[in-house]
Enquirer: 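Sharing a structure with you now.
Because the structure is predicted, anything quoted here is derived from the model rather than measured. What you see below is based on every heavy atom in this structure, not just the backbone, and it leaves out hydrogens, waters and symmetry mates.
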Amino acid sequence: MTDTPRTLAEELRTRTDSGLVGLLRTRPDLLNPVPGDVTQLATRAGTRASVVRAVERLDRFVLQTAEALAVASDPCPYGTLAALMAGDAGDAAVAAELPRAVAALRAQALVWGPDDRLRLVRTARELLTPSAAHPSPTGLGPTVAEATAGMSPGRLQEILAAAGLPTTHDPVSAVAALTALFSDRARMAALLDTAPAESVAVLDKLLWGPPYGGVTDRPAPHLQWLLDRGLLLPAGARNVVLPREAALHLRGGRAHHTPEPLPPALAPATERDPQLVDNAAASQAFTALATVEELLKEWDLGGPPVLRAGGLSVRDLKRTATALDTTEQLAAFWLELAYAAGLIASDGEADERYAATPSAEEWLQLPDHQRWAVLAAAWLPATRTPGVVGTADAKGRALAALGPHLDRSPAPEVRRRALTLLAGLPPGTSVPAAAVRARLRWERPLRGAGPGARAAAAPAGGTVPAAGADGAPAEDLRARLAQWALAEAELLGVTGRGALSAHGRALLGREPEAADATAAETDAAAARAAALLAPLLPEPLDHVLLQADLTAVAPGPLRRPLAEALGVLADIESKGGATVYRFTPASVRRALDAGRSAAELQEFLSTHSRTPVPQPLAYLIDDVARRHGQLRIGAAAAYVRCDDDALLAEILADRRAAPLRLRRLAPTVLAAQTSPEQLLDGLRAMGYAPAAESAAGDVLIARADSYRTPPRTAPGPVPDGPPPPDRTLLEAAVRAIRAGDLAATAERKPVPAPAAAAGALPRTTSAETLATVQAAVLTHSALWIGYVNADGAASQRVIAPVRVEGGFVTAYDHTADEVRTYPLHRITGVAELADDAV
């Protein structure tokens, strides 16, 4: 091997193990499957799909560096690249950051070669080089050589003459002379000094792109002046183009209009007391818990049906939003959050509907800080994006909450990165969401849109990305993902007043940038966040304040048993810092239907009220209890019985009872031609308080049973490409690549013809194979073998035989880096290696 690598594979062989680990970490798609050797690794690193994925993950300045290399000569000296990035005037920031950009391209195997011969990987050059079909974001056009391809030799000589150059004997030297003129600053300046002002104005319009323009069959004199001297070259029947060398001269040598070596600053920053931020975040966290709990309560007896195409109907989403006292968009967020946490799901029945899961029961029994940790740990890696609910998909259909097609694989990366940017600020510091979005755009300008799509949509060197799955531009989707992430973090209590809280920092983990955190590390981070949040949450109360207007005020969150019992006895009138409950005849009857007596209700209120039970409330309970159960409803079709025959006569005389079709069977019994449920509802609508009874005559307690789905697994995130490899896998992959490379490149002793054809596996007879292997055992030498496994797949390996017995050879396999046993009959042949090969 020469000192200067001739291929990418040769350069990769010179890298250290840590260098290969870094390459595989940043480009995990190269690991599936693990390359057999360095040559396979280099080949895979140059495939279009892999290069596109790598280019999409470059920050703006590294991408601009790659784009400059694509319009430079190949290979390109570092000095030439620096001139393209900084221009003739120079730029201190560009000069300081350019080594980092080149190192980043090298680390990802997009650029190889020494500094005096930098080479962009061929596939990357094809993606980023300007063409008529795919203009470059640099706004540059083709070179003189590319634009004059196919031009007649006579026309080339005419251009040379008009430009004041001597004619040549062939087109190649003519193109070289014109290129040299456009690249020479002094001669080019002298030529442009003679140009009409209108001609210079045309060049100014094409300067930063697009470099193409149209002309008529009879161009104006100022255009003809440019055409005669090759400053505009034909690009079709009626189109012309400004050649790259001329554009670079006019730009002062710069490939980009505005190089961006440094990321946008996170400014303006607003500093607040960190404790105030934590308190605000904790308050919002408690509200989030109450909202999800209210959602589960709303769906306690079963939720709305599942649409045939999946998801929640628009009408049911509106009803849920009304029940939660929020907007439809926020209701979609709470629904998706509960779904991601495994608290709600579809029941899978024939008439499929949504309901709470068994996990919801367990979640409700947890302390508040642990319940928050469950929600936050489900939100952070979720790919389902409630923000797109209501928008149209690629086929024009509205996307439904809880439905399919809501996954956006970049969402977790954007969410975590946005929070990480906030984590890099001093505690209590917030910045505008626009500043965070600008930084994210700089870090991943192509994320979600292929470079070809970006270039094609950037006629003036700008960036207009490809469309996303929801019909919006892909880059716009990424910006909206960042906007949604910040808004959702505030709703969930991860941030407070726009700043990251202490428990939000803990949720990100000890190393926010680490993408290969294990499940145990993620759970530990959530537990640390919950521990920090716990002392900030309000302590549940065990009392209320009863008032004379038949209301009760809960001055804070109530303990769960008290809240559940009070929710049966009274209706919630308003929520906020304090919850107001109102007692009504219907709510008291509901508590009596649930099996509580009047005395028990009176005792419950006196026990849990810090104020005496008001007389109107006591009268209300006694009055409803006195009439409760006086009428009894049973199944005949249905009947009413009552010891007070005057009351039954009153019911029969009431016109409102006509739909019930009642008739007297006995002085104390009425029969109805409706079901017991309809009879109960009808009499209650008339103002009575009947009670249902069983066949034995006992009062039936109307206690609603909670409806739960079968056990369900929470939806997993949709991966955005291959999962990030851990260190163990990376190190094992590098060892396998090194071992395979050793087997592929080890020097071998000549094998007698015809045993070894060029590029074929070694071929020897069984006797020769056995003798060679036995000799290798005695001499402790390595062999090159051809081997066919049980599936018929042939491979070549370098082995060091240790033992031969029973038709098997036990050897250390350098290719696999382990000791293996091979059947002798599967070895197609052997060849000795050169003495210094291993």
Enquirer: Could you check whether any side-chain N or O of W442 sits under 3.5 Å from a backbone N or O of E260, counting only pairs where one atom can act as donor and the other as acceptor?
Expert: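 Present.
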Enquirer: Heavy-atom distance under 4.5 Å between the side chains of Y822 and P801, does that happen here?
Expert: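 They are not in side-chain contact.
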Enquirer: Would you check, one step at a time, whether the test side-chain contact (heavy atoms from CB on, under 4.5 Å) holds for T143 with T179?
Expert: CA-CA 8 Å; T143 63; T179 301; over 6 Å; no
Enquirer: Starting at OG1 of T772, measure out to CD1 of I827 and round the result to the nearest 0.5 Å.
Expert: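 T772 atom OG1 to I827 atom CD1 measures 10.5 Å (nearest 0.5 Å).
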Enquirer: Taking the side chain as every heavy atom from C-beta outward, state whether L380 and L419 have any atom pair closer than 4.5 Å.
Expert: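 Heavy-atom side-chain distance check passes, below 4.5 Å.
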Enquirer: Looking only at heavy atoms, what is the nearest atom pair of V121 and A109, with distance?
Expert: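 Minimum heavy-atom contact is CG2-O, 3.0 Å.
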Enquirer: Out of L105, D74, L81, which residue meets the side-chain contact (heavy atoms from CB on, under 4.5 Å) rule with L118?
Expert: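 It is L81, the one option of L105, D74, L81 that forms the side-chain contact (heavy atoms from CB on, under 4.5 Å) with L118.
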Enquirer: Give the C-alpha distance, both sets of side-chain angles, the deciding distance and a yes or no for side-chain contact (heavy atoms from CB on, under 4.5 Å) between L31 and L730.
Expert: CA-CA 9 Å; L31 274 174; L730 290 171; 3.9 Å; yes
Enquirer: For E413 and P410, indicate whether the former's side chain and the latter's backbone hold a donor-acceptor pair under 3.5 Å.
Expert: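 Pair absent, no side-chain N/O of E413 close to backbone of P410.
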Enquirer: Can you tell me if R826 uses its side chain to pair, donor with acceptor, with the backbone of Y787 under 3.5 Å?
Expert: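 No; judged by distance alone, with no hydrogens or angles, the pair does not exist.
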Enquirer: For Q108, does its backbone N or O pair with a side-chain atom of R27 as donor and acceptor, under 3.5 Å?
Expert: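 Side chain of R27 to backbone of Q108: a pair is present.
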Enquirer: Which heavy atom of P35 sits nearest to which heavy atom of I737, and what is that distance?
Expert: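 So the two residues come closest at O-CG1, 3.5 Å.
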Enquirer: Please tell me whether S50 and R44 have a donor and an acceptor in their side chains that are separated by less than 3.5 angstrom.
Expert: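 Note: S50 and R44 side chains miss the donor-acceptor criterion.
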Enquirer: I'd like to know whether CZ of R122 has more than 12 heavy-atom contacts from other residues, nucleotides or ligands below 6.0 angstrom.
Expert: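 12 or below, so no.
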Enquirer: Rounded to the nearest 0.5 Å, what separates atom SG in C76 from atom CG in D116?
Expert: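 Here the interatomic distance stands at 10.5 Å.
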Enquirer: Is there a donor-acceptor pair closer than 3.5 Å between any side-chain N or O of E245 and the backbone N or O of V144?
Expert: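 Looks like yes, one N/O pair under 3.5 Å.
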Enquirer: For the residue pair A9 and V38, what are the closest heavy atoms and their distance?
Expert: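 Looking at all heavy atoms of both residues, the shortest contact is O-CG1, 3.4 Å.
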Enquirer: Nearest 0.5 Å please: distance from the CG atom of L242 over to the CG atom of L207.
Expert: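 These two atoms lie 7.5 Å from each other.
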Enquirer: Charged N to carboxylate O below 4.0 Å: is that the case for D59 and R439?
Expert: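 The answer is no: the pair does not qualify as a salt bridge.
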Enquirer: Quick check against the 3.5 Å criterion: does R408 have a side-chain atom that pairs as donor or acceptor with the backbone of T383?
Expert: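 Not at all, since once roles are kept as given, no pair shorter than 3.5 Å links the two residues.
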Enquirer: Are the side chains of V51 and L127 in touch, meaning some heavy atoms are under 4.5 Å apart?
Expert: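 Yes, close enough: below the 4.5 Å cut-off.
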Enquirer: Would a 4.5 Å heavy-atom cut-off, applied to side chains only, mark R735 and D17 as touching?
Expert: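 Heavy-atom side-chain distance check fails, nothing below 4.5 Å.
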Enquirer: Are the side chains of L63 and P445 in touch, meaning some heavy atoms are under 4.5 Å apart?
Expert: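 L63 reaches P445 side chain to side chain.
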Enquirer: Nearest 0.5 angstrom please: D184 CG to H249 NE2, how far?
Expert: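 One finds 9.0 Å between CG of D184 and NE2 of H249.
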Enquirer: From L69 CG over to M85 CE, what is the distance, rounded to the nearest 0.5 angstrom?
Expert: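 The CE atom of M85 is 9.0 Å from CG of L69, to the nearest 0.5 Å.
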Enquirer: Looking at A68 and L84, what are the two nearest heavy atoms and their distance?
Expert: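 Shortest heavy-atom contact: O-CD1, 3.7 Å.
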Enquirer: Can you tell me if T26 uses its side chain to pair, donor with acceptor, with the backbone of L23 under 3.5 Å?
Expert: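 Yes; at least one donor-acceptor contact below 3.5 Å.
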Enquirer: Please walk me through it: do W112 and E10 pass side-chain contact (heavy atoms from CB on, under 4.5 Å)?
Expert: CA-CA 10 Å; W112 59 278; E10 288 186 2; over 6 Å; no
Enquirer: Carefully, step by step, assess D37 and R13 under the rule salt bridge (charged side-chain N to carboxylate O under 4.0 Å, His left out).
Expert: CA-CA 10 Å; D37 53 39; R13 287 192 181 95; 5.7 Å; no
Enquirer: What's the shortest heavy-atom distance between G230 and P243, and which atoms?
Expert: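 Looking at all heavy atoms of both residues, the shortest contact is O-CG, 3.7 Å.
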Enquirer: Less than 4.5 Å apart, side chain to side chain, heavy atoms only: is that true for M188 and L231?
Expert: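 The answer is yes; the side chains approach within 4.5 Å.
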Enquirer: Just so I know, are the side chains of P725 and L24 near enough to count as touching, which here means a heavy-atom distance under 4.5 Å?
Expert: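 Result no, sub-4.5 Å side-chain heavy-atom pair not found.
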Enquirer: Quick check: does any side chain N or O of D791 sit under 3.5 Å from a backbone N or O of A793, one acting as donor and the other as acceptor?
Expert: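 Checked: no pair found.
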Enquirer: I'd like to know if the side chain of R251 reaches the main chain of A255, judged simply by a donor and an acceptor atom lying under 3.5 Å from each other, with no hydrogens or angles considered.
Expert: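 Checked: pair present.
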Enquirer: I'd like to check the side-chain hydrogen bond (donor to acceptor under 3.5 Å, both in side chains) partners of E443; sequence neighbours left out, ordered by chain and number.
Expert: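 R417.
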Enquirer: Does any part of the side chain of F182, heavy atoms only, come nearer than 4.5 Å to the side chain of L248, both counted from C-beta?
Expert: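 Side-chain contact under 4.5 Å: no.
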Enquirer: Which is it for E56 and R444 under the side-chain contact (heavy atoms from CB on, under 4.5 Å) test, yes or no, and what are the steps along the way?
Expert: CA-CA 7 Å; E56 285 180 351; R444 294 289 186 275; over 6 Å; no
Enquirer: Can any side-chain N or O of R53 pair as donor or acceptor with the backbone N or O of D29 at less than 3.5 Å?
Expert: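 No; zero donor-acceptor contacts below 3.5 Å.
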Enquirer: Locate the shortest heavy-atom distance separating P259 from H256; write the atom from each residue and the value.
Expert: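 Of all heavy-atom pairs spanning P259 and H256, the closest is CD-O, 3.9 Å.
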Enquirer: What's the separation between atom CG in L128 and atom CD in E67, rounded to the nearest 0.5 Å?
Expert: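 Interatomic distance, L128 CG to E67 CD, rounded to 0.5 Å: 6.0 Å.
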